[in-house]
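Structure first, then comments.
Worth knowing before you read on, the calculation uses all heavy atoms, side chains too, and leaves out hydrogens, waters and symmetry mates.
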Amino acid sequence: MGFDGLVVVSDPYLQRRFTQADLRALQTQYAVLRDASPNGRLRMRDLPAAISSIRGRGAVKGRDAEKENSTPEPGPGLGLTDEEWASVLKAVARADEKPHQDASFELFLRVYAEMQLRLKAASGGGGAGRAGGIARSSSSSAVAFLTAATTTLLHTISESEKASYVGHINAYLAEDPFLKSALPIDPATDHIFHITKDGVLLCKLINLAVPGTIDERAINTKRVLNLWEKNENHTLCLNSAKAIGCTVVNIGTQDLAEGRPHLVLGLISQIIKIQLLADVNLKSTPQLVELVGDSKEMEELMSLSPEKILLRWMNFQLKKGGYQKTVTNFSSDIKDSEAYACLLNVLAPECSAKPSAMSVKDLLHRAKLILEHADRMGCKRYLTPKDIVDGLPNLNLAFVAHIFQKRNGLSKQMKQVSFVDGLSDDAQVSREERSFRLWINSLGISTYINNVFEDLRNGWVLLEVIDKIAPGSVNWKMANRPPIKLPFRKVENCNQVLKIGKELKFSLVNIAGNDIVQGNKKLILAFLWQLMRYNILQLLKNLRFHSNGKEITDNDILAWANKKVKDSGKHHSHMQSFKDKSLSSGTFFLDLLSAVEPRVVNWSLVTKGEKDEEKQMNASYIISVARKLGCSIFLLPEDILEVNQKMMLTLTASIMYWYLKRPTSHSLDSENGSSCETTSITSSDDSASESSIDDNTTR
């Protein structure tokens, strides 16, 4: 359950000067610089060199960025003399701020803002410079660095990527009833960042990537939307993006409303990537079994990310064509187009033409011939010849993924299926695995996971998750950082995971660290459920105004939901438990959503929930309405239809958390009519839902 936070500074001038996107970016830069300083201290006298180093980290770079040396220049830099730096620090420092003292984030912001103003004045953009200002002899790159928009400084936008993604949107959404009047978008302009400001296009793009993610009845699609309706669309977009695997930790609704280019483009890139890689897995393309020779290789293939599977597929085809090298990335390894020439000749020799790509020595000309070959295969162009030569990884990945979609060159006979019959269930990723995987990735930990059964086995990711939801509980001195080759080191990590679990009062019956290392699915899923449940209950408990710091139980959540619905006038709508089969109709959750925010449910779109089709429609609508409200949830309509009690608890708790976070909410005690009982979060007599490892089974 994620909610957008604001970066607040005490100085009103700084709060007005920088957008939230700028403040978040600069806060990250400040933390990086502080951590890189001796003993983790960034002192006031260190700021000149520190701010100069941002130039090396985040200044605008061209398409050849990776060819350039990005190492920060030594010394104060930026064309400033020691006297000029002293003047800057004197102008912004307060009486109690001394050179030897630690520099606060606000002092860092004041210096940064002052430098922007002075360089703008020195370059002629802001009138006469101040006394002691920066001379016009300052380097032009320095002037450009600090007079540009802050967000642009810290985040580079690739015009090639923008053009490619705009082309994708124009091609795939051209016939959308709502958007077709606004398409095509001109890729040479920044119109893409304006058309996304109402949130509709981004929601449509998510549904294009993973159909059915958003119930389009929940999207506000009036031609003229007010700020509230736009914010609802952006909230729905971000929570739905998380639910398909996008990383949106540093993106807020305000960023989308403002059309922040690097953030909007980054989100679009992730969504399109998910769409293009949708078939690069064994479930969608069982012919990928050709890439492996035995069950051990099959297990390894199942644990790989789509990008790595795509690389393995590419090398499999290249081997057929006699290509001697191994392609390990979508950048430097394919800049010369040799791998592309071989791949296309293997997949579509009939589409080749003269001169052949390999007969041409000029790399741009060779790349041009490659794209012409792909055109004859019917592949869309996601990149230009220069993008290939420059090795732009995102666009090369998109290009190869589209080639895979069009013609993967794999056998349709499935001759090698016999040895994987016993693993067929493993290839069907369970809904619970999906929910936990997406939840973990939404937490913002450093490791992105593709398969919980494989990626958690070394214990490191579990320690990261625990540290996120129970800060300070992990002893990092005792943890073994990946890559971990020795099995007993993995066991050590997993033993610490279980030790902390016991301290958090998890039910850990008959489970050892080695069970996680061995990938025991039942036990891993059961442990993850307890982690997710603990996170939910702690979030609610930490709303001390409502819980008075007392433990929150499943029954408290159940009682709160029933009372909210009853108080709204729906006296006959009731939930007996999170296993109540009547929940499959969707009626109770729609009543609950309407009770916490009356305007969020459009009752003309709600069915009676009697027939299976009606239940399906209600379930889909419930999930989208909850996300539109602000709930970060990872269930599917099937979870409501089958009344998956774990997902019913998380859905209810998410709605409760959203409601209680509002400043106008009443306390939990007064809403329930009595104080919460202080019980263990895994108490066996909690009848609303069970969480014992013994009671959990893999779907």
Side-chain angles (χ1 to χ4, degrees), residues 1-2 31 35 40 247 249 299-300 303 305 430 432-433 435-539 541-542 551 634 646 650 679-684 690-698:
M1 290 174 287
D35 294 343
T247 302
V249 174
E299 291 179 359
E300 181 186 352
S303 70
S305 66
S430 73
E432 285 191 10
E433 186 276 339
S435 296
F436 294 138
R437 169 168 40 88
L438 293 171
W439 169 67
I440 290 172
N441 286 332
S442 76
L443 295 175
I445 63 175
S446 61
T447 307
Y448 188 92
I449 66 169
N450 296 285
N451 184 308
V452 299
F453 303 130
E454 294 297 327
D455 296 346
L456 304 188
R457 289 171 63 173
N458 63 17
W460 180 264
V461 174
L462 285 172
L463 289 173
E464 285 190 289
V465 172
I466 291 172
D467 189 57
K468 198 76 174 181
I469 65 175
S473 57
V474 176
N475 183 351
W476 289 110
K477 292 182 179 180
M478 300 296 293
N480 302 297
R481 179 183 294 272
I484 306 173
K485 295 183 179 180
L486 299 175
F488 79 91
R489 295 295 187 192
K490 299 178 183 180
V491 174
E492 287 178 347
N493 280 353
C494 293
N495 283 341
Q496 184 179 177
V497 165
L498 296 180
K499 177 177 179 292
I500 298 171
K502 291 176 181 176
E503 292 170 356
L504 298 178
K505 300 182 181 179
F506 289 1
S507 175
L508 300 173
V509 181
N510 298 323
I511 178 172
N514 194 52
D515 293 318
I516 299 176
V517 175
Q518 295 299 318
N520 186 307
K521 294 183 178 182
K522 175 183 176 181
L523 298 180
I524 289 174
L525 287 177
F527 187 82
L528 287 176
W529 163 239
Q530 295 192 79
L531 275 179
M532 178 186 273
R533 181 170 174 268
Y534 174 83
N535 185 39
I536 294 168
L537 297 177
Q538 286 301 113
L539 286 171
K541 176 187 175 182
N542 291 339
E551 298 292 340
F634 304 99
K646 299 173 186 176
T650 59
T679 59
S680 169
I681 63 171
T682 54
S683 174
S684 60
E690 297 86 7
S691 60
S692 169
I693 279 196
D694 292 334
D695 296 332
N696 283 283
T697 57
T698 305

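- Between atom SG of residue Cys494 and atom CD1 of residue Ile511 there is a gap of 9.0 Å, rounded to the nearest 0.5 Å.
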side-chain contact (heavy atoms from CB on, under 4.5 Å) between Ile516 and Leu523, worked out: CA-CA 7 Å; Ile516 299 176; Leu523 298 180; over 6 Å; no
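- Two residues are said to be in side-chain contact when any heavy atoms from C-beta on lie closer than 4.5 Å; Phe527 and Leu508 meet this criterion.
- Between Met532 atom CE and Ser435 atom OG the span is 6.0 Å, to the nearest 0.5 Å.
- A tilted orientation is assigned to the rings of Trp529 and Phe436, their planes being inclined by 30° to 60°.
- Without hydrogens or angle criteria, Thr447 side chain to Val461 main chain gives no donor-acceptor distance under 3.5 Å.
- Nearest approach of Leu463 to Ala479, heavy atoms of both residues: CD1-CB, 3.8 Å.
- No donor-acceptor pair closer than 3.5 Å links the side chain of Asn493 to the backbone N or O of Lys490.
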Verdict with reasoning, Asn520 to Phe453, per side-chain contact (heavy atoms from CB on, under 4.5 Å): CA-CA 8 Å; Asn520 186 307; Phe453 303 130; over 6 Å; no
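- Here the closest heavy-atom approach between residue Leu462 and residue Leu528 is recorded as CD2-CD2, 3.8 Å.
- When side chains are defined from C-beta on, Met478 does not count as touching Glu492, because their heavy atoms never get closer than 4.5 Å.
- Between the Asn535 side chain and the Leu531 main chain, no donor and acceptor come within less than 3.5 Å of each other.
- A donor-acceptor contact shorter than 3.5 Å links the side chain of Asn480 to the backbone of Arg489.
- Counted by atom type alone, Glu464 and Ser446 present one or more donor-acceptor pairs between their side chains at under 3.5 Å.
- Pairing each heavy atom of Ser473 with each of Ile500, the nearest pair is O-CD1, 3.4 Å.
- Counting only distance, with no hydrogens or angles, the side chain of Gln496 and the backbone of Asn475 share a donor-acceptor pair below 3.5 Å.
- A heavy-atom distance below 4.5 Å is not found between the side chains of Leu539 and Ile536.
- Checking side-chain atoms of Glu433 against main-chain N and O of Val452 turns up a donor-acceptor pair under 3.5 Å.
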Steps toward side-chain contact (heavy atoms from CB on, under 4.5 Å) verdict (Val465, Trp439): CA-CA 10 Å; Val465 172; Trp439 169 67; 4.0 Å; yes
Asp467 and Trp476: CA distance, side-chain angles, deciding distance, side-chain contact (heavy atoms from CB on, under 4.5 Å) verdict: CA-CA 10 Å; Asp467 189 57; Trp476 289 110; 3.6 Å; yes
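- Counting heavy atoms from C-beta on, the side chains of Ser442 and Phe634 come closer than 4.5 Å.
- Glu551 places no side-chain N or O within donor-acceptor distance of the main-chain N or O of Lys541, the cut-off being under 3.5 Å.
- A heavy-atom distance below 4.5 Å is not found between the side chains of Asn458 and Val517.
- Across Arg437 and Asn450, no two heavy atoms sit closer than the pair CD-O, 3.2 Å.
- We find that Glu503 and Lys499 are joined by a salt bridge, their nearest charged nitrogen and carboxylate oxygen being less than 4.0 Å apart.
- Taken from CZ in Arg457 to CG in Asp515, the straight-line distance is 11.5 Å, to the nearest 0.5 Å.
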